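On a predicted model such as this, the values are computed, not experimentally measured, just so you know.
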Amino acid sequence: MKIETALLSVSDKTGIVDFARALASRGVRLLSTGGTAKLLAEAGLAVTEVAAHTGSPEILDGRVKTLHPKIHGGLLARRDSADHMQTIQEQGIDRIDMLVVNLYPFRETVAKPDCTFADAVENIDIGGPAMLRAAAKNHGTEAGGVTVVIDPADYPRVLAEMDATGSPSFGLRLALATKVYAHTSAYDGAIAAWLSSLTEAQPAQEVAPARNTWPNVLTLQVRQQQVLRYGENSQQRAAFYVDPTCPAGLLANFVQLQGKELSYNNIGDADAAWDCVRSFDTPACVIVKHANPCGVAVADTPLAAYRKAFKTDPTSAFGGIIAFNRPVDLATAKAISGQFVEVLLAPAYDDAALSLLAAKKNVRVLTVPMGDGHNDIDVKRVGGGWLVQTPDSFTIDQSDLRVATRKKPSAAQLRNLMFAWKVAKYVKSNAIVFCGNNMTLGVGAGQMSRIDSARIASIKAENAGLSLKGSAVASDAFFPFRDGLDVVVAAGATSVIQPGGSMRDDEVISAADEHGIVMVLTGMRHFRH
């Protein structure tokens, strides 16, 4: 069924003039409202205001303009129903074959620090969602239906199908209708979350509302990026979903350049590696195995950083995930090709490096643009519910450290302690990390007791042939007893960084003084489960 009439009313006016012009050139009559109608008219397009079309003026400061039988009858009449077609003809209602609408910017409005209650309420769209739901419901059958468009990115596809077959196909109309319901669901969810976050009634509407830390209603909406072969194990099904508003710097922005399909575990481990490596300002390499860094280093070049990171634990690096925060050049690619790697991540690659890596067809090579974006919330599923928290974005400067021991740290010790503390944040609890010369020397992760993590870290270093003499140690949480400290000192550590806060802090600090080592406290832990 040929598109004869389109109604356009958009807040996001990206590309709308060109799209409207393209529709008009294909013989489509244009209806519009408010600012959109003015914009199209100024562009020289013949456009009919909705008020003129319905015979009813906009009222209540524009709150009522499209809530009219001539709009909703034109959208909802079934094209394959003779009764519906006869009814709208008798009522003098024209079909509306295409609806191009996106909604008032509610989320953008309430994100402003000076947003008042009145501002927020006025940006709750009523007519837009009503029209979208009507048009999406009537996307129709193979015989015809309404084409509903909310995203400027879909304009070219709609025009292409109009040119190819005269009107958008049922498949495209269905896809666009599905997109609409996801959009209106997210929109309503944002409104519910905002309203439920208010701490009290707002009698003074010109005042920015007080907010709770958490809304009573939390709506999460993500889109499917890809179905995965299986989950953590072959008997589990899995898929990867992405936040449509994913900010720059996060893993979900990756582009896969080559290699096998990513698995559930690949993506989880890649996220751990990328999150860690982008926390460094200098060239860095992070090697991850089973969600834990098994080698981390910074250096003057990516190649030097990789060689140092690999030394920490060559055994665990086998089949690992390797991430860089700088472009990978040919020399670095050559070094990496000497080991078995599952996933390689970097902001970019030299052409020569990509040519070399292409020989290893199974290696999954990803680019991820750098950026300082972060997730607004972290979510963990539990039986019948969700645990929600803000991300662990706490960082410290050297000036934030409190020296707890009689011995004070040297400049070199401070550098190693700060490096060790940064790495420990990304190691599963209980975490003990030995470092020296801007590289990890031994990592103990995920043990039920801190003393076991300390022993494992020293064993790892010994197996890799690395000396811990004079090393710095980070503990992600306090030492509950002195025994863990005794183990790291016996292994060769001469400086320790830890949060403090134990009932036995005095005992642990006294042990550090007894050993003649440096201990500094951060006042904040980094549990990672």
Side-chain angles (χ1 to χ4, degrees), residues 1-10 12-32 36 40 45 47-48 53 66 70-89 93-103 128-187 221-227 239 241-242 244:
M1 184 174 290
K2 186 178 185 297
I3 292 177
E4 296 179 353
T5 301
L7 195 164
L8 300 83
S9 180
V10 293
D12 179 1
K13 294 179 172 55
T14 304
I16 191 61
V17 171
D18 289 340
F19 185 54
R21 184 174 288 116
L23 292 174
S25 71
R26 289 160 174 79
V28 178
R29 176 193 177 207
L30 304 179
L31 303 178
S32 192
T36 306
L40 299 182
L45 291 165
V47 57
T48 301
H53 176 72
T66 59
K70 282 198 171 183
I71 299 300
H72 286 272
L75 291 171
L76 283 166
R78 288 180 53 179
R79 276 46 174 174
D80 61 348
S81 168
D83 286 344
H84 282 206
M85 291 297 100
Q86 181 179 345
T87 297
I88 63 172
Q89 184 178 7
I93 296 173
D94 295 335
R95 287 191 343 248
I96 298 175
D97 305 309
M98 178 182 291
L99 179 72
V100 185
V101 166
N102 44 59
L103 305 177
M131 289 191 294
L132 286 175
R133 292 174 65 84
K137 175 176 180 175
N138 200 31
H139 66 272
T141 63
E142 295 288 354
V146 179
T147 301
V148 56
V149 188
I150 58 168
D151 186 352
D154 292 319
Y155 296 165
R157 186 178 175 191
V158 169
L159 293 173
E161 290 210 4
M162 288 176 66
D163 290 340
T165 61
S167 65
S169 64
F170 172 72
L172 177 55
R173 296 196 309 273
L174 175 61
L176 294 175
T178 302
K179 198 169 185 176
V180 162
Y181 284 117
H183 181 66
T184 55
S185 172
Y187 190 79
Q221 187 170 65
V222 292
R223 60 176 172 80
Q224 187 189 103
Q225 182 85 340
Q226 64 189 97
V227 175
Y241 288 81
V242 172

For Y241, the ring-ring contact (aromatic ring centres under 6.0 Å, His included) test, sequence neighbours excluded, returns none
Who are the ring-ring contact (aromatic ring centres under 6.0 Å, His included) partners of Y155, not counting sequence neighbours?
F19
Do [X] side-chain atoms and [Y] backbone N/O form a donor-acceptor pair below 3.5 Å?
| X | Y | value |
| --- | --- | --- |
| R21 | L45 | no |
| R79 | A77 | yes |
| S32 | L8 | yes |
| T36 | V10 | yes |
| Q225 | V242 | no |

To the nearest 0.5 Å, what is the distance between [atom1] ([X]) and [atom2] ([Y])?
| X | Y | atom1 | atom2 | result |
| --- | --- | --- | --- | --- |
| M85 | D80 | CE | CG | 8.5 Å |
| H53 | T5 | NE2 | OG1 | 7.0 Å |
| N138 | R173 | CG | CZ | 9.0 Å |
| Y187 | N102 | OH | CG | 10.0 Å |
| H84 | Q86 | NE2 | CD | 11.5 Å |

Do [X] and [Y] have side chains that approach each other closer than 4.5 Å (heavy atoms only, starting at C-beta)?
| X | Y | answer |
| --- | --- | --- |
| L172 | T147 | no |
| S81 | T87 | no |
| H183 | L103 | yes |
| H139 | T178 | no |
| D94 | I96 | no |

Taking everything shown except [X] itself, do over 12 heavy atoms lie less than 6.0 Å from its [atom1]?
| X | atom1 | value |
| --- | --- | --- |
| Q89 | CD | no |
| K179 | NZ | yes |
| R133 | CZ | no |

Between D163 and R26, is the closest basic N to carboxylate O distance under 4.0 Å?
yes
Would you sort out whether L75 and L7 count as a side chain to side chain contact (heavy atoms under 4.5 Å, CB included), showing the intermediate values?
CA-CA 10 Å; L75 291 171; L7 195 164; 5.9 Å; no
Chi angles and distances behind the side chain to side chain contact (heavy atoms under 4.5 Å, CB included) call for V17, L40
CA-CA 6 Å; V17 171; L40 299 182; 4.3 Å; yes
Of all heavy-atom pairs between [X] and [Y], which one has the smallest distance, and what is that distance?
| X | Y | answer |
| --- | --- | --- |
| L23 | M162 | CD2-SD, 3.9 Å |
| V146 | L99 | CG1-N, 4.4 Å |
| A22 | L159 | CB-CD1, 3.6 Å |
| A136 | V180 | CB-CG1, 3.8 Å |
| P168 | I3 | CD-CD1, 3.5 Å |
| E4 | D97 | N-OD2, 2.8 Å |

Can you see whether T14 engages D12 through a side-chain donor-acceptor pair at a distance of less than 3.5 angstrom?
yes
